[in-house]
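Here the structure comes first, spelled out in structure tokens, and everything after it is commentary.
Only this structure's heavy atoms are used, side chains among them; waters, hydrogens and symmetry mates stay out.
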Amino acid sequence: MATSEYLANHSSAAGSQGTVTSLPAGRRFRAMSPAVATAAIMALNDLVAILIAFAIALAVRSFLVGRIDPSLAVHAGFWTNPIAFVYLGWFVLAYMLVARRYGLYASAPAAHGSHEIRLVVQGCLNAGLLLCGALY
């Protein structure tokens with residue numbers, strides 16, 4: 001029931017006052033409902049997965065590509081230059097917003113597994129496009 005409907009239905013019962021002093025017991029706001037906790041855990045898992053992927057990409061660039069062409073290796077000045085971490089933060093933020101928009105943080109899955117995998121891949125690609133736009 002929308003708020004306007006609730007007020008319309010309960011203002012006539014309250015008499016001429018027309019004020020609502022409290023919500024019914026079942027409709028009180030809970031800050032940490034199970035759905036919010038589940039979404040937070042899923043977002044934290046995504047954050048950890050993105051950070052692990054970033055670390056693996058740095059390791060591959062350092063050890064494998066660096067042996068082929070030393071100019072492409074991760075150099076010591078990389079850690080003092082924060083721009084890569086700004087881009088990492090931008091990608092994490094973009095991915096979490098896109099994943100939330102696609103309903104990937106819902107407590108119950110929307111459909112079968114292949115549909116969810118398609119949404120995850122689509123979310124990663126959209127976040128990557130947003131990152132490319134930021135880099136441009």
Are [X] and [Y] linked, directly or through other ILVMFWY residues, by side chains that come within less than 4.5 angstrom of each other?
| X | Y | result |
| --- | --- | --- |
| V121 | I52 | no |
| L44 | V98 | yes |
| I50 | F85 | yes |
| L47 | Y102 | yes |

Is it the case that the side chains of D46 and Y105 hold a donor-acceptor pair, with the cut-off being a distance below 3.5 Å and no angle test?
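Y105 vs D46: donor-acceptor pair found between side chains.
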For [X] versus [Y], what's the shortest heavy-atom pair and its separation?
| X | Y | value |
| --- | --- | --- |
| L104 | M42 | O-SD, 3.6 Å |
| A94 | L130 | CB-CD1, 3.8 Å |
| F91 | G128 | CE1-N, 3.7 Å |
| A134 | W90 | CB-NE1, 3.6 Å |

About how many Å separate [atom2] of [Y] and [atom1] of [X], when rounded to the nearest 0.5 Å?
| X | Y | atom1 | atom2 | answer |
| --- | --- | --- | --- | --- |
| Y87 | C132 | OH | SG | 11.0 Å |
| Y95 | R100 | OH | CZ | 13.5 Å |
| L129 | C124 | CG | SG | 11.5 Å |

Whether over 12 other heavy atoms sit under 6.0 Å from R101 CZ
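Not buried by this count: 12 neighbours or fewer within 6.0 Å.
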My understanding is that only one of L131, L51, I83, L93 makes a side-chain contact (heavy atoms from CB on, under 4.5 Å) with L88; could you say which?
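Only one of L131, L51, I83, L93 forms a side-chain contact (heavy atoms from CB on, under 4.5 Å) with L88, namely L51.
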